[in-house]
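Here is how names work: the chains are called A, B, and so on, in the same order as the sequence lines, proteins then strands, and each is numbered from 1. Keep in mind that what you see is a predicted model, and the values were worked out from it rather than measured.
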Amino acid sequence: MVYRDLRSFLTKLEDAGQLVRIKDSILPEPTIREIGRAATDLPNGPAVIMDNIKGMKGMQVALNVHGSWANCALMMGLDKNTTVRDQFFTFLDAWDKYPGEIKNIDSAKAPCHEVVIKDNINLFESIPLFRINKWDAACFLSKACVVTKDPDDPDNFDTQNVGTYRMQVLGKDTVCIQALGFHDIARHITHAEEQNKPLPIAICLGNDPVLTFMASTPINYDLSEYKYAAAINGIPMELTKALNSNLDIPANAEYVLEGEILPRVRVPEGPFGEFPGSYSGMRLQSIFKVKTITHRKNPIFENLFMGRPWTEIDYLMGLNTCVPLYKQLKETMPEVVAVNAMYQHGLTAIIATSNRFGGYAKSVAFRLASTPHGISYCKNIILVDADVDPFNLEEVMWSLSVRVRADKDVIVIPNTPGMPLDPTSFPAGMGNKFIIDATQPTAPDGLLRDTRLIDNPDSKGFEKIIADLQAAAQKK
Amino acid sequence: MKCVRCLHDTAAKFTEAPDGSGAWEVYGCSRCNFTWRNTEEQEVINPELRDKNFQFTGEPEDLQILVPVPPLKK
Ligand SMILES: [Zn+2]
């Protein structure tokens, strides 16, 4: 796991046959979205770089960088064929190495400052922008690391937030940002607005893949995404100072847009094709003015195509939704074995757990529904036994088929918090919790007939032998 | 000029292709913040052909605010 920047990861992907280049002359719309959809639909879909876009010749767009399990495995330094379950446990081990080291790079020497533009800012001249989905309101930045600090606590490195928020380009130097009430950045905006002060912001595009991954991971407010990225990458996170503020930014970003969120102003934003596979509506959101654009020489604009699931965002938010939820459950409920919350950022989650006593699995569901992320996101919660792999949907369906009796195993808790972008959340922000307990009853619960499961033989050794034989057979 | 989404006379051209090829121009509406490129599909940039569900017929100030503006602190 040694990627200092996006470029070194793209080289790794290319060496592993997981990156392709499209050299044909293409129109920004609708062709870029067609390419994004195709890349993510292919088995083990590759990243794609385009550099011959009409009107923007030579400017580079990268899509689908995280868009397959093969690419995610390579990001974590694993063989590209690693199973999702093994990727989950590898990520878990790396997670425990928090905090990683920070290395400060002199601003004048930071690659992200190779080119500095302060006058006549025009985002369309500097970045090959495109409309992602047909009914999006404009060109959006969908894969940026957005950096802000708490104006009430400006010297605290750990509450500095690095998050991924969608941003709508409104004009040459104005951008609108979607903040939702429970987002960390909303706290920073609120604190700045209480004092009627502009909030410095840095939009960092094209980062090392693990930082992008961590920016979309729900972690506690006072933990640093940078230190997590360093821990998971296994090398120090290289940061530098922004030119116009005290913000710490990734020194190796492809682009950095520096600006200020205007206090107490809201403007129309959206719609935008969102992660549930549907468009979000129009809302009033915060706006910022870009004062400086800096970038590397020959910068690469990395963006995210989002369509009906699965697309790149489902890979990007897959394991990083699972691991923090697992860690939070495990703190008080050591019986939990694994968490698969890969479905639309955890709207549906499957937990493998032992049943300490009758009904215990349902308590695990209540715990999930009261984690910071689970409160609004986790609405469909499935509990399976400890010996069931929650990442293997055939095994999960087996559990539902032979272990669920709906009259005692299914519960709906009405009118709980909901995720506003979920189309079933109505009014936006309200929802319910649906719990299916597919674990075997444990005393004193005993409503299942005495059942003897078939034991699995010790087959791991032969898995490798047969896989190698099959690979050899396929080469013939 | 007329915005293709809200149909108010609040749109203008604000930039063109940066490589000097004249390949396209970009327009934006200062009222509803819709922007478009003149090379996009007709059903996106022609108001007659646009899906009615994605037209904006309301007033900007009536839209929902997700992060409310807090009271000022003294
Ligand atoms: Zn308009």
Toward chain A: residues of residues 2-15 of chain B with heavy atoms under 4.5 Å: R5(B), F14(B), T15(B)
Which bit of [X] is near chain A, if near means a heavy-atom gap under 4.5 Å: side chain, backbone, both or neither?
X      : value
V26(B) : side chain
P71(B) : backbone
F54(B) : side chain
E43(B) : both
T35(B) : both

Chain B: which of [options] shares the most heavy-atom pairs with it under 4.5 Å?
options                           : result
M59(A), H183(A), Q285(A), R131(A) : R131(A)
A428(A), P30(A), C176(A)          : P30(A)
H191(A), K134(A), Q168(A)         : K134(A)
E194(A), K172(A), E125(A), K54(A) : E194(A)
P128(A), P263(A), P271(A)         : P271(A)
E269(A), M282(A), K57(A)          : M282(A)

How close do [X] and [Y] get, counting heavy atoms only, and between which atoms?
X       : Y       : value
V290(A) : L257(A) : CG1-CB, 4.2 Å
A62(A)  : I300(A) : CB-CG2, 3.7 Å
R283(A) : L66(B)  : NH1-CD1, 3.4 Å
I203(A) : A144(A) : CG2-CB, 3.6 Å

Take atom [atom1] in [X]; do more than 12 heavy atoms of anything else shown fall under 6.0 Å from it?
X       : atom1 : value
D51(B)  : CG    : yes
Y221(A) : OH    : yes
N156(A) : CG    : yes

For D152(A) and Q195(A), test the side chains for any donor-to-acceptor distance below 3.5 angstrom and give the result as yes or no. yes
I'd like to know if R33(A) and E41(B) make a salt bridge, using a cut-off of under 4.0 Å between side-chain N and carboxylate O. yes
Using non-hydrogen atoms only, which part of [X] is less than 4.5 Å away from chain B: side chain, backbone, both, or neither?
X       : answer
L129(A) : backbone
L170(A) : both
N196(A) : both

With chain A as the partner, which of R31(B), E61(B), Q64(B), E16(B) has the greatest number of non-hydrogen pairs under 4.5 Å? Q64(B)
Using a 6.0 Å distance limit plus a 45 degree cone around the ring axis, check whether R308(A) lies over the aromatic ring of Y279(A). no
Side-chain donor/acceptor of E40(B) to backbone N/O of R37(B), under 3.5 Å: yes
Counting only N and O atoms by type, is there a donor-acceptor contact under 3.5 Å from the side chain of R266(A) to the main-chain atoms of V67(B)? yes
Is the ring pair Y27(B)/W36(B) parallel, tilted or perpendicular, if the boundaries are 30 and 60 degrees? parallel
